[in-house]
Amino acid sequence: MSGDRVFFTFDTTGDSHSLAAYRSRGGYEALAKALTSLQPNDVTQEVTQSGLRGRGGANFPVGAKWSFVDRKRGVVYLCCNADEGEPGTFKDRWILEHSPHQLIEGILLAAYALGARHAFVYIRGEFDLPLRRLRSALEEARGAGLTGERILGTAFSCDIVVHRGAGAYVCGEESSLINSLEGKKGYPRNKPPFPAVKGFYGAPTVVNNVETLANVAWIVAHGGAAYAALGNKANPGHRLFGVSGHVNRPGLYERPTGYPMKTLIFEDAGGILGGRPLKAVIPGGSSTPVLTAGEIETLTLDAASLQQAGSMLGSGGLIVIAEGTCMVHLLQVLTRFYRHESCGQCTPCREGTAWMDDILARVVDGRGQSADLANLQAIPEGILGNTLCALGDAAAMPVLSFVKKFGDEFEYFVANRRSLNGGCLEA
Amino acid sequence: MSAIRDKFEELRSAYPAEMSASLVLPLLHFAQQQKGCVTQDDAAAIADCTGVPGIQVTEALTWYTMFRREPAGRHVIKVCRNIACSLRGAERLVDYLRERLGIEVGETTADGRFTLLTVECLASCGTAPAMQIGDTYHENLDEAAVDHIIAGLP
């Protein structure tokens with residue numbers, strides 16, 4: 001598999017993030033190829049043919065997203081979403097820290113395909129090293145004539161602006177990100193119109209995730225067909241899967257889609273801490289429905305397999321939970337988070353996330369009531385599909401799935417005023 | 001005030017023309033970097049430079065969690081308490097820091113040295129548990145590592 005790697009093609013050293021190191025790995029050759037021998041539409045076509053889907057979590061076909069932009073309308077903007085904040089996800093940070101030029105090349109190729117004179121990287125406010133690495137990479141790129149006016153001596157010009165967020169999970173949602181980039185609080189917008197029609201300052205805007213864009217140079221260099229041949233046929237390519245929680249070797253693993261989930265957890269990530277049995281897996285970031293150990297037996301890491309199991313591949317962040325963990329306590333960690341991050345715009349999400357968290361806080365405190373379990377089903381059902389953005393669903397799905405699959409633990413906690421598992425979160 | 005104006009002039013060249021409103025967040029970050037928090041005067045100066053309504057700057061200032069309106073300790077300790085860090089001991093770590101610093105979450109030590117906060121996911125799930133002090137990430141933590149880090153701070 002190593003010959004096919006898209007990301008882990010090098011050892012991280014003190015300067016593996018530099019322009020010289022990136023060039024030694026063939027960096028910016030795809031850009032030169034595109035600017036001298038491909039039309040913008042050819043780039044879009046390769047990306048469409050590659051089958052690449054958005055790696056931020058929504059899994060939307062990237063070529064289709066680019067095709068929605070009407071280039072004849074004049075100014076088009078590209079925004080790179082580097083507001084990585086989905087709990088369990090830490091891949092974009094790795095790309096920014098260790099391969100920032102791979103991202104920059106992808107941004108430039110996308111900007112060329114879209115006809116965007118300006119591209120913006122909206123980066124999480126908390127990210128310090130990633131920000132410094134990205135800024136220094138952009139300085140190197142500018143010095144080498146890779147950004148700015150007449151790139152590589154061609155007619156293509158593009159400036160890349162780095163813009164820091166300031167602590168808001170919802171700004172990872174594309175219309176919220178655009179509002180934030182316009183200097184406002186990050187309220188998501190009603191859709192339609194989608195950003196591809198009316199986005200940043202009203203102009204057609206494409207928002208793509210860091211990992212998504214970091215795939216583009218490989219696709220242009222090797223061709224869309226070669227990328228489409230990697231991994232799962234319907235959902236091709238490689239992904240940076242993050243494994244966290246109760247495993248012996250947490251971290252990032254580049255694997256093809258369609259890779260067996262059990263192999264990733266038990267072989268690559270070294271199995272469960274302390275040799276305990278596996279209890280559950282949250283497969284694609286904290287918002288995706290939890291799966292029991294029994295449910296993951298034959299699962300592969302692709303959209304169809306996860307969908308069949310009633311969950312999602314999301315951002316590719318697997319959170320592994322060992323037997324003995326109190327699922328009631330663990331769910332309250334999540335309800336607290338979603339309550340904190342609900343932007344307050346839509347009533348079902350604003351009120352619902354607070355109600356769910358109040359109930360769980362009370363249960364965990366040993367003051368659960370008999371109606372609590374029913375309410376923990378009714379409230380998320382009232383949020384699902386009734387909010388402007390996906391944060392409402394993201395808050396509802398963990399609650400619904402935890403209560404459905406571990407209902408006995410919730411019942412025990414309410415009846416006995418203590419955890420079936422001693423309230424333990426650590427393995 | 002004039003520091004914000006100077007910064008505005010410096011930053012506006014980095015953005016396309018007609019995008020002054022986009023400088024609200026960068027200028028709020030700048031103001032906070034200067035003094036550790038953002039005052040109403042700063043917000044007014046930012047509204048003045050960028051031409052956006054004062055209420056919009058105040059909304060941004062109060063809506064984003066990273067902006068502070070009151071001064072904090074010299075070192076702001078932000079411990080992640082989200083799911084992956086919780087599974088690897090974040091609660092224990094917060095308790096340890098509360099005890100060691102003698103303050104509750106949200107408080108500042110009497111000598112003004114430390115402010116203790118809990119935060120949501122820092123994207124350090126593979127190196128959990130994690131905390132951020134100032135801008136710097138500290139990962140794969142346990143009590144001994146925390147002791148060592150705290151002792152090394154001025």
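Throughout, a chain's letter reflects where its sequence line sits, starting with A, and its residues are numbered from 1. All values below come from the heavy atoms of this structure, side chains included, with hydrogens, waters and symmetry mates left out.
- When the candidates Leu61(B), Ile83(B), Leu25(B), Leu28(B) are compared by the number of heavy-atom contacts under 4.5 Å with chain A, Ile83(B) comes out ahead.
- When Ala14(B), Ala128(B), Gly89(B) are compared by the number of non-hydrogen pairs under 4.5 Å with chain A, Gly89(B) comes out ahead.
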May I have a table of the donor-acceptor pairs connecting chain B and chain A at distances under 3.5 Å?
from: Tyr15(B); atom 1: OH; to: His163(A); atom 2: ND1; distance (Å): 2.7
from: Ser22(B); atom 1: N; to: Tyr201(A); atom 2: OH; distance (Å): 3.2
from: Ser22(B); atom 1: OG; to: Leu181(A); atom 2: O; distance (Å): 2.6
from: Ser22(B); atom 1: OG; to: Tyr201(A); atom 2: OH; distance (Å): 2.8
from: His29(B); atom 1: NE2; to: Gly165(A); atom 2: O; distance (Å): 2.7
from: Gln56(B); atom 1: NE2; to: Gly183(A); atom 2: O; distance (Å): 3.2
from: Glu59(B); atom 1: OE2; to: Lys185(A); atom 2: NZ; distance (Å): 3.1
from: Tyr64(B); atom 1: OH; to: Ser180(A); atom 2: OG; distance (Å): 2.9
from: Tyr64(B); atom 1: OH; to: Lys184(A); atom 2: O; distance (Å): 2.5
from: Tyr64(B); atom 1: OH; to: Gly186(A); atom 2: N; distance (Å): 3.3
from: Thr65(B); atom 1: N; to: Ala166(A); atom 2: O; distance (Å): 3.4
from: Thr65(B); atom 1: N; to: Gly167(A); atom 2: O; distance (Å): 3.1
from: Thr65(B); atom 1: OG1; to: Gly167(A); atom 2: O; distance (Å): 2.9
from: Met66(B); atom 1: N; to: Ala166(A); atom 2: O; distance (Å): 2.9
from: Arg81(B); atom 1: O; to: Arg336(A); atom 2: NH2; distance (Å): 2.8
from: Leu87(B); atom 1: O; to: His246(A); atom 2: NE2; distance (Å): 3.1
from: Arg88(B); atom 1: NH1; to: Gly245(A); atom 2: O; distance (Å): 2.6
from: Arg88(B); atom 1: NH1; to: Val247(A); atom 2: O; distance (Å): 3.0
from: Arg92(B); atom 1: NE; to: Glu426(A); atom 2: OE2; distance (Å): 2.7
from: Arg92(B); atom 1: NH2; to: Glu426(A); atom 2: OE1; distance (Å): 2.7
from: Arg92(B); atom 1: NH2; to: Glu426(A); atom 2: OE2; distance (Å): 3.4
from: Cys121(B); atom 1: O; to: Arg124(A); atom 2: NH1; distance (Å): 2.7
from: Cys121(B); atom 1: O; to: Arg124(A); atom 2: NH2; distance (Å): 2.8
from: Ala123(B); atom 1: O; to: Arg93(A); atom 2: NH1; distance (Å): 2.9
from: Ser124(B); atom 1: OG; to: Arg93(A); atom 2: NH1; distance (Å): 3.0
from: Gln132(B); atom 1: NE2; to: Glu126(A); atom 2: O; distance (Å): 2.9
from: Glu139(B); atom 1: OE1; to: Arg93(A); atom 2: NH2; distance (Å): 3.1
from: Glu139(B); atom 1: OE2; to: Arg93(A); atom 2: NH1; distance (Å): 3.0
from: Glu139(B); atom 1: OE2; to: Arg93(A); atom 2: NH2; distance (Å): 3.1

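- Using a 4.5 Å cut-off between heavy atoms, Val170(A) contacts chain B through its side chain alone, with no backbone atom that close.
- When the heavy atoms of residues 147-154 of chain B are compared with those of chain A, none of the residues falls under 4.5 Å.
- Neither the backbone nor the side chain of Cys424(A) has a heavy atom closer than 4.5 Å to any heavy atom of chain B.
- Of all non-hydrogen atoms in Cys125(B) and Pro87(A), the two that sit nearest each other are SG-C, 4.4 Å.
- Neither the backbone nor the side chain of Leu129(A) comes within contact range of chain B; no heavy atoms are under 4.5 Å apart.
- Other residues, nucleotides and ligands contribute only 12 or fewer heavy atoms inside 6.0 Å of the CD atom of Glu70(B).
- The choice from Leu122(B), Val24(B), Val119(B) that makes the most heavy-atom pairs within less than 4.5 Å of chain A is Leu122(B).
- Most heavy-atom pairs under 4.5 Å with chain B, from the set Gly251(A), Gly242(A), Gly344(A), Gly88(A): that is Gly88(A).
- For the options Gly186(A), Pro250(A), Ala168(A), Gly125(A), heavy-atom pairs under 4.5 Å to chain B are most numerous at Gly186(A).
- Both the backbone and the side chain of Ala21(B) have a heavy atom closer than 4.5 Å to some heavy atom of chain A.
- Each of Leu252(A), Val243(A), Leu181(A) has some count of heavy-atom pairs under 4.5 Å with chain B, and the biggest count is that of Leu181(A).
- Contact between Val320(A) and Leu87(B) at its shortest, heavy atoms only, is O-CD1, 3.8 Å.
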